Amino acid sequence: MKNKLQEIRENAIEQIRQSDALEKLNDVRVSFLGKKGELTAVLKGMKDVAPEDRPLVGQMVNDTRAFIEEAIEETKKKLEAKALEAQLAAEVIDVTLPAKKNNVGHRHPNTIALEEVERIFIGMGYEVIEGPEIEYDLYNFEKLNIPANHPAKDEQDTFYINKDIVLRTQTSPVQARIMEKGKLPIRMISPGRVFRSDEVDATHSPSFHQIEGLIIDKNITFADLKGTLEEFAKELFGPETKTKFRPHHFPFTEPSAEVDVSCFKCGGKGCRFCKGSGWIEILGCGMVHPHVLEMCGIDPEEYTGFAFGVGLERIALLKYEIDDMRLLYENDIRFLKQF
Ligand code: DAH
């Protein structure tokens with residue numbers, strides 16, 4: 001019996017030593033100490049031992065059991081520590097790896113262009129003031145010297161809500177609203193959405209954006225208008241940019257002009273971008289018509305001013321060399337990602 005127990009003990013130790021994983025160790029435990037285990041079999045055989053030898057043999061079996069249990073426990077701890085170490089090693093975070101880039105949104109090219117224009121004019125002391133998109137005919141047309149029979153009022157261009165209310169076709173009505181308030185001098189730009197019943201194509205949309213500019217003070221002259229807009233063009237398109245003022249007509253300004261800038265692509269030599277002319281039209285402007293000043297309660301003998309209107313999409317298309325305005329409205333993420 002003693003030899004048998006010694007043998008079990010040695011076998012157990014050997015197998016415990018060879019266990020390199022917790023599952024294997026558990027198998028060893030079951031095969032020696034489990035219900036059908038070797039040591040349990042020995043205990044079951046106690047009935048055949050002579051009664052006077054039983055206490056001693058029992059003691060020996062218990063010792064062997066304790067010995068094996070302890071050996072298993074010890075090895076279990078070692079294996080658990082090893083498993084934990086392996087898990088930690090596998091889960092370790094390499095802080096030197098480049099971070100995964102989060103997909104953040106992009107500013108729309110219109111927004112970038114608007115912020116650029118605002119930055120330039122705020123830098124010259126202008127305020128940004130917004131006006132309503134749904135506007136009275138009175139402000140959109142009448143007070144801007146656009147009389148009832150003017151072609152711009154034609155139903156084809158204007159969305160009418162009723163006979164007195166329209167979706168504004170331009171940002172110019174904000175001029176009339178601000179002048180009417182009577183707080184002088186005025187130096188403001190007014191960006192916003194405008195509407196015209198145009199068919200959609202590469203250069204037209206029924207809804208687009210303009211930025212209106214207005215300055216009213218004593219002794220404002222056409223020279224101020226030229227200087228301001230020349231500065232604006234240089235800031236926006238680069239210091240080499242030249243400007244050209246072409247006589248034009250707007251009902252609310254007199255004299256009026258359209259402003260071209262030298263093509264920033266070819267520097268004025270003529271290319272596909274400027275259709276060979278070397279010049280690109282960017283805005284309309286003029287000295288505020290005395291009649292408009294009067295209608296808005298300002299004395300044209302005392303005050304003068306100039307105004308201008310820029311198409312925001314036009315600036316964005318030019319600045320980013322986009323050849324189709326529809327791209328600005330489709331909001332295809334692959335397009336927007338480029339800005
Ligand atoms: N409102 C004009 C348009 O939609 C643009 C414009 C031209 C605005 C000259 C002005 C201006 O203030 O002085 O075509």
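Remember, it's 1-based here, ligands and their atoms both numbered in the order they're listed. Computed from heavy atoms alone, side chains included, the values below leave out hydrogens, waters and symmetry copies. Since the structure is predicted, the reported quantities are computational estimates derived from the model, not experimental observations.
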Quiz item: Centres of the F232 and Y126 rings: under 6.0 Å?
Solution: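 No - the distance between ring centres of F232 and Y126 does not fall below the 6.0 Å cut-off.
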Quiz prompt | Residues lining ligand 1 [heavy-atom distance under 4.0 Å, listed by chain and residue number] | solution =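 For ligand 1, the contacting residues are Q170, S172, Q175, R196, Q210, E212, F250, F252, T253, G284, C285, G286, A307, F308, G309.
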Self-check item: Pairing residues for R107 by the salt bridge (charged side-chain N to carboxylate O under 4.0 Å, His left out) criterion, not counting sequence neighbours
Solution: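 R107 satisfies salt bridge (charged side-chain N to carboxylate O under 4.0 Å, His left out) with E115 only.
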Quiz item: How would you list, by chain and number, every residue that makes a salt bridge (charged side-chain N to carboxylate O under 4.0 Å, His left out) with D27, sequence neighbours excluded?
Solution: none
Exercise. Quick one: do K218 and E302 satisfy salt bridge (charged side-chain N to carboxylate O under 4.0 Å, His left out)? Show the steps, please.
Key: CA-CA 6 Å; K218 289 179 177 159; E302 200 182 347; 3.3 Å; yes
Practice problem: Measure the acute angle between the ring planes of F264 and F273, then classify it against the limits of 30° and 60° as parallel, tilted or perpendicular. | Solution: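 Geometry flag for F273 against F264: perpendicular rings.
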Quiz prompt | Residues which pass ring pair (Phe, Tyr, Trp, His ring centres under 6.0 Å) with F222, listed by chain and number, not counting sequence neighbours | solution =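 Here no residue qualifies.
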